[in-house]
Amino acid sequence: MVSTISLWNDGPALPQGPAPTMSGSMIDSYGRRIDYLRISLTDACNLRCVYCMPEDMRFKPRAELLQDDEILAIVRAAAELGTTKIRLTGGEPTIRPGVVELVRSIASVPGIAKVAMTTNGLLLADLAEPLAQAGLQALNVSIDTLNPAKFRRITRWGDLHRVWDGVAAAEAAGIHPLKLNAVVTRGFNEEEVVDLARLSIDRRWHIRFIELMPLGSVADFQQESVVSSAETQARIEAELGPLHPVPGHDGHDPARPYRLAGAQGQIGFISTVTEPFCAGCNRYRLTADGKLRLCLLRDREVDLLTPLRQGCTVEELKTIIRTAVWNKPWGHGLPNGDVPQLRVMSQIGG
């Protein structure tokens, strides 16, 4: 049983053969049903957040990234394999040319029940309404502080006022749930969490606090800057009172939900480092350059772009995806010093 395997290792040796053929669903070798695909639309971004990438980050040429038709081919194959939810990420997904029409095309694929997006919000003021009309149903906006000067420091050149205009536009467009994501980083914004948590009192928003995850070239800085969810929760409760667990939590959602007394919205904690949620993981990731990444914090990847450009059939593509998912690892190895080095966060999409 999955529940008997330690969360702190990869579990038993992974089978290397093809996955069992199943109609309408995919499972991995631990029995987890995998039905949620996160797609990075670009590795580029219009910010340079200190915990995400170096300031002089270089991005791949457009020709080396998935084109719209290639993304749609993968989405159709994934949907036929039982994938029902797509989340579009980056880099920053809203800077991709034609993103509204791409959302419309993905939302129209049979079997895809929900299309969501994670964004920094800088371009949302103009894009929220068109994206909602195209079929975007849920939105996560990254916002680590309510202090404009500190926001610029964290993002290196971001404008907090533009983000708030985007959040207002998304709310006006009727996109719900609207979730605000804050990566808590020691020395940058750990003292901001109380002000962020207050936003949930008078609004239906979900305010989510995320532990910093070490990846790639900035991993050393990240490991030194991790603030545990327990510390964040204690800081909030000391100022605002007890947090009450929200009943009916979906075990596939990594954010453990709470609510302040009388609040309209929720507060969530994503504790990837200190309290991993591997048993409930139902996701896999597609990088902008066409690699399937089966665990955010493991470097193992499977190439889809090359077979696509070599003319593989739909059935061949589905076999590659199904086999990759079957070999999805149990979880990360951070406590054992196994820090992924292949990519930084912007190249995976979170």
Side-chain angles (χ1 to χ4, degrees), residues 3 7-8 36 49 51 87 116 118-121 138-147 150-151 154 160 163-164 167-168 170-171 175-214 222-223 225-283 296-297 331-332 334-335 350:
S3 59
L7 292 177
W8 297 109
Y36 175 10
C49 296
Y51 55 74
R87 177 171 294 276
T118 297
T119 172
N120 62 30
L139 195 63
N140 290 20
V141 181
S142 300
I143 180 167
D144 297 325
T145 174
L146 303 181
N147 182 309
K150 186 170 285 189
F151 183 82
I154 291 174
L160 182 60
V163 177
W164 279 120
V167 170
E171 192 167 41
I175 298 176
H176 182 78
L178 186 57
K179 300 178 180 179
L180 304 190
N181 289 349
V183 176
V184 186
T185 308
R186 193 172 305 284
F188 282 86
N189 68 336
E190 76 269 31
E191 295 182 356
E192 304 287 317
V193 298
V194 174
D195 289 338
L196 286 161
R198 282 196 182 96
L199 295 174
S200 71
I201 295 175
D202 297 324
R203 301 168 178 86
R204 294 192 304 157
W205 301 346
H206 295 192
I207 313 300
R208 312 198 316 166
F209 298 103
I210 304 171
E211 290 181 346
L212 187 63
M213 290 170 273
Q222 291 167 331
Q223 287 180 302
S225 303
V226 172
V227 178
S228 71
S229 292
E231 179 180 336
T232 298
Q233 181 171 346
R235 188 184 296 268
I236 292 170
E237 291 188 313
E239 292 286 334
L240 302 179
L243 287 166
H244 305 281
V246 175
H249 173 229
D250 179 358
H252 296 307
D253 186 347
R256 293 173 290 112
Y258 294 82
R259 181 175 278 117
L260 290 163
Q264 295 187 40
Q266 296 182 14
I267 293 172
F269 299 96
I270 300 179
S271 313
T272 306
V273 177
T274 63
E275 298 178 62
F277 34 83
C278 307
C281 185
N282 65 337
R283 63 194 64 191
L296 175 63
L297 295 171
H332 66 68
L334 295 182

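On a predicted model such as this, the values are computed, not experimentally measured, just so you know.
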Original post:
If you round to the nearest 0.5 Å, how far is CD1 of I143 from CD of E192?
Top reply: 10.5 Å
Subject >> Between CZ on residue F269 and CD1 on residue I210, distance to nearest 0.5 Å >> reply: 12.0 Å
Subject >> V273 backbone acceptor or donor facing E211 side chain under 3.5 Å >> reply: yes
**OP:** Could you point out which residue of V184, D144, I270 forms a side-chain contact (heavy atoms from CB on, under 4.5 Å) with F209?
**Re:** V184
**OP:** Would you check if V227 and V193 make a side-chain contact, meaning some heavy-atom pair closer than 4.5 Å?
**Re:** no
Subject >> Closest contact, heavy atoms only, A255 versus H249 >> reply: O-NE2, 3.2 Å
Subject >> Distance (rounded to the nearest 0.5 Å) between L243 CG and R259 CZ >> reply: 11.0 Å
**OP:** Apply side chain to side chain contact (heavy atoms under 4.5 Å, CB included) to I236 and Y258, showing your working.
**Re:** CA-CA 11 Å; I236 292 170; Y258 294 82; over 6 Å; no
**OP:** Any chance you could lay out the side chain to side chain contact (heavy atoms under 4.5 Å, CB included) test for F188 and K150, step after step, and finish with the verdict?
**Re:** CA-CA 8 Å; F188 282 86; K150 186 170 285 189; 5.8 Å; no
Original post:
Is there a donor-acceptor contact under 3.5 Å from the side chain of N140 to the main chain of K179?
Top reply: no
Original post:
How many angstroms lie between atom CG of D195 and atom OG1 of T145, to the nearest 0.5 angstrom?
Top reply: 8.0 Å
**OP:** Can you measure from CG (N181) to OG1 (T118) and round to the nearest 0.5 angstrom?
**Re:** 6.0 Å
Original post:
Taking the six-membered ring for Trp, are H206 and H176 parallel (under 30°), tilted (30 to 60°) or perpendicular (over 60°)?
Top reply: perpendicular
**OP:** Could you check if a side-chain atom of L139 sits within less than 4.5 angstrom of a side-chain atom of V167, using non-hydrogen atoms only?
**Re:** no
**OP:** Could you tell me the separation between the CD1 atom of I154 and the OG1 atom of T185, rounded to the nearest 0.5 Å?
**Re:** 6.5 Å
Original post:
Side-chain contact, heavy-atom cut-off 4.5 Å: L196 with L180?
Top reply: no
Subject >> Q264 atom CD, over 12 foreign heavy atoms within 6.0 Å >> reply: yes
**OP:** Answer yes if the side chains of S229 and E275 hold a donor-acceptor pair under 3.5 Å, and no otherwise.
**Re:** no
Subject >> Note, H252 side chain near Y36 side chain (heavy atom, < 4.5 Å) >> reply: no
Subject >> Short N-O contact, E231 and R235, less than 4.0 angstrom >> reply: yes
Subject >> V183 backbone acceptor or donor facing N189 side chain under 3.5 Å >> reply: yes
Subject >> S200 and L260, any side-chain heavy atoms less than 4.5 Å apart >> reply: yes
Original post:
Can you find a heavy atom in the side chain of V194 that is under 4.5 Å from one in the side chain of L240?
Top reply: yes
Original post:
Does any non-hydrogen side-chain atom of W205 lie less than 4.5 Å from one of E171?
Top reply: yes
Subject >> Non-hydrogen side-chain atoms of Q233 and S271 separated by less than 4.5 Å >> reply: no
